[in-house]
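Some notes on the structure that comes next.
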Amino acid sequence: MNTEISGIITMFGITFLLAIPFGKYIAKVYAGERTFLDPVLSSIERLFYKTSGIDPDEEMNWKQHLVALLTINLIWFLMSMGILMNMGSLPLNPDGNPSQSADLAFNTTISFLVNCNLQHYSGETGISYLGQIWLMFLQFVTAGVGMAAAVILFKAFREKSTTQLGNFYNYFLKSCTRILLPVSLVFAAIFVFNGMPMTFEGKDTITNLQGNTVEISRGPLAAFVPIKHLGTNGGGFFGSNGAHPLENPSYLTNMVEMIGQMIIPMAMVFAFGYFIRRRKFSWMMFGVMTVGFLLLVIPNVIMEMNGNPAIAQMGIDNTLGAMEGKEIRFGAAASGFWSIVTTVISTGSINSMHDSSMPLSGMNELLAMMVNAFYGGAGAGILNFLIFIILAVFISGLMVGRTPEFMGKKIEAREMKIALIIALAHPFLILVGTAIATALPQYTLVTLANPGFHGFSEMLYEYTSSAANNGSGFEGLGDNTPFWNISTGIVLMFGRFLPIIGPVAIAGLLAEKKFIPESSGTLKTDTATFGLMVFAVIVIIAALAFFPALALGPIAEYFSLY
């Protein structure tokens with residue numbers, strides 16, 4: 001037990017220690033300052049700009065940023081649909097995997113386009129190597145889009161008063177070339193030397209210990225898995241994702257993959273502080289996020305290590321913890337830790353089956369996605385957190401009878417309306433989607449492997465994962481049907497782009513306003529007191545909205561065990 005806990009502490013500690021200098025490096029990249037990778041990457045970026053005709057020095061306002069962001073995503077959508085619906089007859093398909101149907105290709109395309117990777121297909125049988133390479137490309141660029149959107153916010157709060165917020169394509173390209181690609185190469189080298197396949201050959205045939213002939217799927221995993229985690233994408237090369245022995249061979253690779261999915265969201269928080277020259281503010285943000293994370297992860301680890309009381313009542317040894325759906329090479333503790341890391345950060349990868357988690361562990365996994373503000377995805381986490389900061393500033397201003405101000409800018413009606421729409425859109429998408437699925441049993445009942453409370457949790461989890469751009473699932477749900485593919489695809493689109501459009505619009509509107517110097521009456525937003533206020537707003541607005549739904553699912557299931 002002590003070894004398992006020390007492994008978790010080591011993973012979190014290493015990530016934290018790396019995130020601070022990495023955040024400083026990220027801030028330098030976006031500020032245009034010289035870094036040690038300039039001699040290697042500057043020429044590549046200049047070639048890209050020359051070929052595309054893009055001027056990286058051309059300034060954009062917030063509206064132009066959003067037009068560029070949405071346009072490039074539309075192009076990727078059309079390209080992706082063409083590849084996935086025709087990959088059965090395209091090259092790099094040694095195993096003869098079929099093309100995807102229109103509804104499945106729509107869901108897969110939207111899912112990877114919005115940095116979610118909600119996979120309604122099994123990776124090794126549902127897609128060709130060409131399709132995997134295309135999805136790997138989307139995992140790079142969609143993470144880059146989220147990070148570029150966050151930098152618009154960085155720029156808006158760095159300048160005292162401006163309409164010029166840099167160039168979207170410059171931020172996007174630097175996110176891919178200066179941050180995601182170099183770190184992915186380091187991780188890929190580690191994975192290759194620890195037994196992860198990197199080949200374009202088809203299935204391998206082996207004879208197992210029983211003397212039976214077995215076909216083993218393989219492929220370019222060592223290239224795919226690093227960006228899966230570093231970009232907080234989470235899509236598995238195999239259907240069982242990080243629980244597969246080739247996608248996650250050992251406890252060492254498990255630690256590296258865990259660090260990979262935490263490092264950029266943490267570093268972006270510190271990068272924000274370095275970029276706007278308010279490091280104390282970034283520590284406030286990090287503190288709130290970490291408290292929320294610990295309140296979710298500590299109970300999960302304890303519950304998974306304590307095991308299932310229903311199994312203990314049968315006289316079965318439960319000392320290893322709740323091991324149903326878990327890999328023995330990782331254990332209950334590391335699996336419980338991963339389950340919260342991947343849902344808090346919106347990665348969505350798994351190293352155990354969340355459908356087999358203890359009921360209240362499943363509730364915490366749901367809460368992590370419902371709150372959607374603790375660390376969050378690459379870039380998107382900062383955008384989500386801004387909404388709660390704006391709400392906290394507004395409420396604090398009302399409490400003391402002053403006009404709410406943030407970073408020297410007044411928070412007025414337009415910003416509040418946008419913030420409230422974005423804050424309420426998240427529970428709306430999840431709860432309305434689940435309600436529709438519950439009201440249409442002719443489309444959903446046959447897809448549920450479990451009746452009752454757990455079946456409801458499976459449907460709730462599917463829409464929560466979609467709205468939070470997470471991608472993990474309670475895999476007792478048979479989700480490859482037209483109903484699930486189309487309905488979750490719609491939720492995926494709104495769940496991704498509304499939380500980007502809203503914060504970018506707020507940042508752009510605030511940037512245009514006259515800067516007001518701080519005075520003795522200015523609300524301090526970099527203190528522990530304000531951090532408590534932000535945390536309270538998150539709990540009241542985000543968490544409590546979902547309590548009735550959680551009571552019908554995981555909480556009711558918990559009481560059914562006793």
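By convention here, the first residue in the shown sequence is residue 1.
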Please work out whether the ring planes of Tyr129 and Phe237 are parallel, tilted or perpendicular, with thresholds of 30° and 60°.
tilted

Atom of Ala437, atom of Phe483 and distance for their closest heavy-atom approach
CA-CZ, 3.9 Å

Does Thr434 use its side chain to pair, donor to acceptor, with the backbone of Leu431 at less than 3.5 Å?
no

Can you tell me how far the CE atom of Met268 sits from the CZ atom of Phe286, to the nearest 0.5 Å?
15.0 Å

Can you find a side-chain donor-acceptor pair between Thr253 and Asn194 that sits under 3.5 Å?
no

Could you go step by step and tell me if Phe238 and Ser217 meet the side chain to side chain contact (heavy atoms under 4.5 Å, CB included) rule?
CA-CA 9 Å; Phe238 295 108; Ser217 296; 3.7 Å; yes

Residues Asn248 and Asn254: side-chain donor-acceptor under 3.5 angstrom:
yes

Heavy-atom check, side chain of Glu215 versus side chain of Asp204, under 4.5 Å
no

Polar side-chain atom of Ser465 near backbone of Gly471 as donor-acceptor pair, under 3.5 Å
yes

Do the non-hydrogen side-chain atoms of Phe16 and Phe270 ever get within less than 4.5 Å of each other?
yes

side-chain contact (heavy atoms from CB on, under 4.5 Å) with Ile14: of Ile9, Val256, Ile259, only one passes, and it is Ile259

Heavy-atom nearest pair, Val301 first then Ala333, reads CG2-O, 3.9 Å

Go through the steps for Phe293 and Phe374 under the test ring-ring contact (aromatic ring centres under 6.0 Å, His included), then give the verdict.
CA-CA 6 Å; Phe293 170 70; Phe374 302 140; 8.8 Å; no

Interatomic distance, OG@Ser6 vs CD@Glu4, rounded to 0.5 Å, equals 9.0 Å

Could you verify whether a donor N or O on one side chain and an acceptor N or O on the other, from Thr108 and His120, lie under 3.5 Å apart?
no

Student check: side-chain heavy atoms of Ile555 and Pro359 closer than 4.5 Å
no

Can a side-chain donor-acceptor contact be found between Glu304 and Ser361 if the only test is distance below 3.5 angstrom?
yes

Going through the distances and angles, do Val371 and Val344 end up as a side chain to side chain contact (heavy atoms under 4.5 Å, CB included)?
CA-CA 8 Å; Val371 171; Val344 159; over 6 Å; no

Taking atom types as modelled, find out whether Asn115 and Asn233 have a side-chain donor-acceptor pair closer than 3.5 angstrom.
yes

Working to the nearest 0.5 Å, report the span between CG of Asp103 and CG of Asn480.
6.5 Å

Using only atom types and a distance under 3.5 Å, with no angle test, would you say the side chain of His354 pairs donor to acceptor with the backbone of Gly362?
no

Check against side chain to side chain donor-acceptor pair (under 3.5 Å), Tyr443 and Ser487
CA-CA 11 Å; Tyr443 299 113; Ser487 65; over 6 Å; no

Under the criterion side chain to side chain donor-acceptor pair (under 3.5 Å), I'd like the reasoning laid out for Asn107 against Thr488: C-alpha separation, chi angles, the key distance, then a yes or no.
CA-CA 7 Å; Asn107 185 274; Thr488 56; 2.8 Å; yes

Dump the intermediate steps for ring-ring contact (aromatic ring centres under 6.0 Å, His included) on Phe474 and His454, then the final yes or no.
CA-CA 9 Å; Phe474 268 18; His454 195 79; 5.4 Å; yes

Min side-chain heavy-atom separation Pro499-His426 under 4.5 Å
no

Please find the pair of heavy atoms, one from Asn470 and one from Thr343, that lie closest to each other, and give the distance.
ND2-CA, 3.3 Å

Could you tell me whether the side chain of Pro245 reaches within less than 4.5 Å of the side chain of Arg329, counting heavy atoms only?
yes

Would you compute the distance between atom CZ of Phe137 and atom OG of Ser80 and round it to the nearest 0.5 angstrom?
10.0 Å

OG/Ser339 to CD/Glu365 distance, rounded to the nearest 0.5 angstrom?
4.0 Å

Using a cut-off of 6.0 Å, state whether more than 12 heavy atoms not belonging to Tyr251 lie near its atom OH.
yes

Is Asp317 reaching over with its side chain to a backbone N or O of Thr319, donor-acceptor style, under 3.5 angstrom?
yes

From the list Glu247, His229, Lys228, Glu257, side chain to side chain donor-acceptor pair (under 3.5 Å) partner of Ser349 resolves to His229

Is the Phe22 ring parallel, tilted or perpendicular to the Tyr25 ring (thresholds 30°, 60°)?
parallel

Compare all side-chain heavy atoms of Trp484 with those of Thr481 and state whether any distance is below 4.5 angstrom.
yes

The test is side chain to side chain contact (heavy atoms under 4.5 Å, CB included); show your working for Leu460 and Phe546 and say whether it passes.
CA-CA 10 Å; Leu460 178 64; Phe546 296 101; 5.6 Å; no

Could you tell me whether Phe497 atom CZ has more than 12 heavy atoms of other residues or ligands within 6.0 Å of it?
yes

Going by atom types alone, do Ser346 and Asn372 pair a side-chain donor with an acceptor below 3.5 Å?
no

Looking at every non-hydrogen atom in both residues, tell me the closest pair between Thr342 and Gly348 and how far apart they are.
OG1-N, 2.8 Å

Exercise: identify the closest heavy-atom pair between Ala373 and Phe385
O-CD1, 3.3 Å

For the residue pair Glu327 and Asn351, confirm or rule out a side-chain donor-acceptor distance under 3.5 Å.
no

Could you check whether any side-chain heavy atom of Asn364 comes within less than 4.5 Å of a side-chain heavy atom of Met303, counting everything from C-beta outward?
yes

Is there a donor-acceptor contact under 3.5 Å from the side chain of Asp95 to the main chain of Lys203?
yes

Output, in order, the C-alpha distance, side-chain angles, deciding distance and verdict of side chain to side chain contact (heavy atoms under 4.5 Å, CB included) for Met136 and Ile227.
CA-CA 7 Å; Met136 181 173 67; Ile227 190 56; 3.9 Å; yes

Does a side-chain N-to-carboxylate-O contact under 4.0 Å join Arg218 and Glu124?
no

So does Gln261 get a backbone contact from the side chain of Thr232, meaning a donor-acceptor N/O pair under 3.5 Å?
no

Quick one: does Asn469's side chain have a donor or acceptor within less than 3.5 Å of a partner on Cys116's backbone?
no

So Leu440 and Leu445, do their side chains get closer than 4.5 Å, heavy atoms only?
no

Atom pair CD/OG of Gln119 and Ser472 - distance to nearest 0.5 Å
11.0 Å

Backbone N/O of Gly88 and side chain of Ser99: donor-acceptor pair under 3.5 Å:
yes

Is the backbone of Phe106 close enough, under 3.5 Å, to the side chain of Thr109 for a donor and an acceptor to pair up by distance?
no

Taking Asn208's backbone N and O only, do any of them form a donor-acceptor pair with Asn212's side chain (distance below 3.5 Å, no angle check)?
no

Closest non-hydrogen atoms of Ile127 and Asn97, given as atom of the first, atom of the second and distance, are O-ND2, 2.8 Å

